Amino acid sequence: MFVDKNVLALLIPILALSIPVIAVLFKGLQRLADTRLEEARLHAGSGGSGEELAGLRAEVEDLRRELSEVQERVDFTERVLSQPRDANRLPGPDPR
């Protein structure tokens, strides 16, 4: 049972062009499956580890402390700038 050379000549390019198309199709299906799996993990609450969560909490506490210090400095600066300046304290030529 031999295949006609014309049919074989037609099937070879079809097969050669269909392999990349099939590969792209399977890659897309794999990405879809990975995305659905990740969504399921996030929905179940297993998106992050306990260590990661503890680290983020510590970082938030550090940021809150730093923000509090910055707010205190801004308040101090506002108080200093709102005080009237004493022009007599500045050295300069005698206006006589």
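Hydrogens, waters and symmetry mates are skipped; everything else that's a heavy atom, side chains included, is used. Treat the numbers as computed from the prediction; the structure is a model and nothing was measured.
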So if you build clusters from Ile, Leu, Val, Met, Phe, Trp, Tyr with side-chain heavy-atom gaps below 4.5 Å, do F26 and I19 land together?
-> no
Side-chain heavy atoms of I14 within contact of L10, under 4.5 Å | yes
Measure the shortest side-chain to side-chain distance between F76 and R73 over non-hydrogen atoms and say whether it is less than 4.5 angstrom.
-> no
Sorted by first residue and then second, give each side-chain hydrogen bond (donor to acceptor under 3.5 Å, both in side chains) pair with at least one member in residues 57-71; sequence neighbours left out.
-> E61-R64, D62-R65
With rounding to the nearest 0.5 Å, note down the distance linking [atom1] in [X] to [atom2] in [Y].
X   : Y   : atom1 : atom2 : result
E39 : L42 : CD    : CG    : 8.0 Å
N6  : L11 : CG    : CG    : 11.0 Å
Q30 : T35 : CD    : OG1   : 10.5 Å
L29 : D34 : CG    : CG    : 11.0 Å

